[in-house]
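Residue numbers begin at 1 in each chain, while the letters A, B, ... track the order of the sequences.
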Protein chains: 2
Amino acid sequence: MDGRWLNDDEQRTWRSFLMATRLLFDQLERDLKEESDLSFAYYEILTRLSEAPGRSMRMATLAAACVFDRSRLSHAVDRLVREGWVRRVPVGQDGRGQLAELTDDGMAVVRRAAPHHIERVRTLIFDRLTPDQQRVLAEISEIVATGITDPIRLTRMGWPEAELSGPAAPGPPGPARTAR
Amino acid sequence: MDGRWLNDDEQRTWRSFLMATRLLFDQLERDLKEESDLSFAYYEILTRLSEAPGRSMRMATLAAACVFDRSRLSHAVDRLVREGWVRRVPVGQDGRGQLAELTDDGMAVVRRAAPHHIERVRTLIFDRLTPDQQRVLAEISEIVATGITDPIRLTRMGWPEAELSGPAAPGPPGPARTAR
DNA sequence: CCCGTATTGCTGAATTTTCAACTACATACC
DNA sequence: GGTATGTAGTTGAAAATTCAGCAATACGGG
């Protein structure tokens, strides 16, 4: 199972990467909090909605976009609804579905918060990287993301133990866990 | 203050990076949980301690290494102590200091968890990147981390409002907030 | 139409993290 | 010695996130 360790370079790179991403995200979170009193999570939800057609998205889609699990998104949206920034709208066709829709107040919040945040992203990252480094960063991100892809965090949600580990039932056992 | 937006490439890269890091860390967290019933945070604390001389570190140093704020580390160590994996030891010279020290049980936990985890890191990242990409990843991480550097999260902790924003007192106003 | 299974989203409790304040010790200066 | 200020670490409550399970709906096949 094991045996394939990391060599020194890899070890250093990994640690460095861990530290960098944390410092970065922590800093962004702090900035966002100070400037706009928003958490990164909420900011992202609002932003995604603001970009979506009709300023609204299916919960599952939104969850996938933000890389949240369903539960987390539900709770978060609860909060945003309480705040008056988001509204829940039943979706037409699918009786199970809910649409999260950005309110005007919510839109205002995004518009107010975005410029600072983006400026910070620019300052903390893009301004410091050469075009080449930016290009490779994009490559790497693409590669890493593609390798994982469990958009709505299926394996994490409530599949009864049996479904996940049971002696592979006839046919493709579970839901689209393998597919993408 | 604003005005400097992100161009399309940058925008794409940023989104891609966000998604990649989240998918990655989520996946690692899940693996760690499944294989060893550990959170990434706890795993990291234990690992750092296991590598430290005497299997122990000052709380502040450990916090800086893990990029935790002091409070978070305190609570986390509480938990690890309850679990019997870490012990708190007063440090000799400085009467305020505490040393977090890994117990034998804690060491055993690390040893059991590490191989799987490292294998996953290898599979999810290093195996998929070319040497060149790895090199650039290291560069980028270095650059980004260096730009931020607020190791023990000073600005976040409990400085009374006055200290932080007040009309700069005579001499260097606060603690080493500016220095590094 | 009915059944079994998949999907969507939510809920409540447990755990973790954040936030603000506080205690105790150290240090520098008079 | 006494005072002012900085530093290390903790604490308790609030907020966020995870975890496990549930209810309602959709969908495919008999």
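- For the side-chain hydrogen bond (donor to acceptor under 3.5 Å, both in side chains) condition, the pairs that include at least one residue of residues 102-115 of chain B, sequence neighbours left out, are B/R55-B/D104.
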Review item, side-chain donor-acceptor pairs of residues 135-143 of chain B, under 3.5 Å, at least two apart:
| from | atom 1 | to | atom 2 | distance (Å) |
| --- | --- | --- | --- | --- |
| B/R135 | NH1 | B/E139 | OE2 | 2.9 |
| B/R135 | NH2 | B/D132 | OD1 | 3.2 |
| B/E139 | OE1 | A/Q133 | NE2 | 2.7 |
| B/S141 | OG | B/L137 | O | 2.8 |
| B/E142 | OE1 | A/S16 | OG | 3.2 |

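- Without hydrogens or angle criteria, B/E29 side chain to B/F40 main chain gives a donor-acceptor distance under 3.5 Å.
- Between B/E34 atom CD and D/dC19 atom C1' there is a gap of 13 Å when expressed in whole angstrom units.
- For A/E10, the side-chain contact (heavy atoms from CB on, under 4.5 Å) partners are A/L6, A/N7, B/R122, B/F126, B/Q134, not counting sequence neighbours.
- Here ring-ring contact (aromatic ring centres under 6.0 Å, His included) pairs that include residues 43-62 of chain A, with residues two or more places apart or in two chains, are A/Y43-A/H117.
- Summarising the geometry, the separation between CZ on B/R22 and C1' on D/dT17 is reported as 14 Å, rounded to the nearest angstrom.
- Computed from coordinates, the B/Y42 OH to D/dT17 C1' distance equals 12 Å when rounded to whole Å.
- Whole-Å rounding puts the A/D37 CG to D/dA14 P distance at 17 Å.
- Taking a 4.0 Å limit (strictly below) on heavy-atom distances, residues 73-84 of chain A reaches DNA chain D at A/H75, A/R79.
- Here the P atom of nucleotide C/dG9 and the CG atom of A/D69 are 13 Å apart, to the nearest Å.
- Evaluation of the side chain to side chain donor-acceptor pair (under 3.5 Å) rule for A/T123 yields A/E119 as partners, not counting sequence neighbours.
- Ion pairing between B/D69 and B/R72 fails under the 4.0 Å rule for side-chain N and carboxylate O.
- For the pair A/L38 CG and D/dA16 P, the interatomic distance rounds to 11 Å; values are reported in whole Å.
- Every side-chain contact (heavy atoms from CB on, under 4.5 Å) that B/R48 has, sequence neighbours left out, goes to A/R15, B/E44, B/M57, B/L62, B/A65, B/C66.
- Heavy-atom distances under 4.0 Å link DNA chain C to A/R96, A/G97, A/Q98 of residues 93-103 of chain A, given in residue order.
- Taking a 4.0 Å limit (strictly below) on heavy-atom distances, residues 48-56 of chain A does not reach DNA chain C anywhere.
- Remark: B/R70 is in phosphate contact with D/dA8, judged by side-chain N or O atoms under 4.0 Å from OP1 or OP2.
- In terms of the salt bridge (charged side-chain N to carboxylate O under 4.0 Å, His left out) criterion, A/R128 has no residue partners (sequence neighbours excluded).
- Taking a cutoff of 4.0 Å between a charged side-chain nitrogen and a carboxylate oxygen, B/E83 and B/R79 qualify as a salt bridge.
- For A/R96, the side chain to side chain donor-acceptor pair (under 3.5 Å) criterion is met by A/D94, not counting sequence neighbours.
- When the side-chain contact (heavy atoms from CB on, under 4.5 Å) test is applied to B/S56, the partners found at least two apart in sequence or on another chain are B/L99, B/E101.
- Taking only side-chain nitrogens and oxygens, B/K33 comes nearer than 4.0 Å to OP1 or OP2 of D/dC19.
- The interatomic distance linking B/R88 (CZ) with D/dA8 (P) rounds to 16 Å, in whole Å.
- Counting atom types as modelled, A/S71 pairs a side-chain N or O with a base atom of D/dC19 as donor and acceptor under 3.5 Å.
- At whole-Å resolution of the value, CG in B/D26 and P in D/dT17 are 12 Å apart.
- Within the nucleic acid shown, A/F40 has no heavy atom closer than 4.0 Å to any nucleic acid atom.
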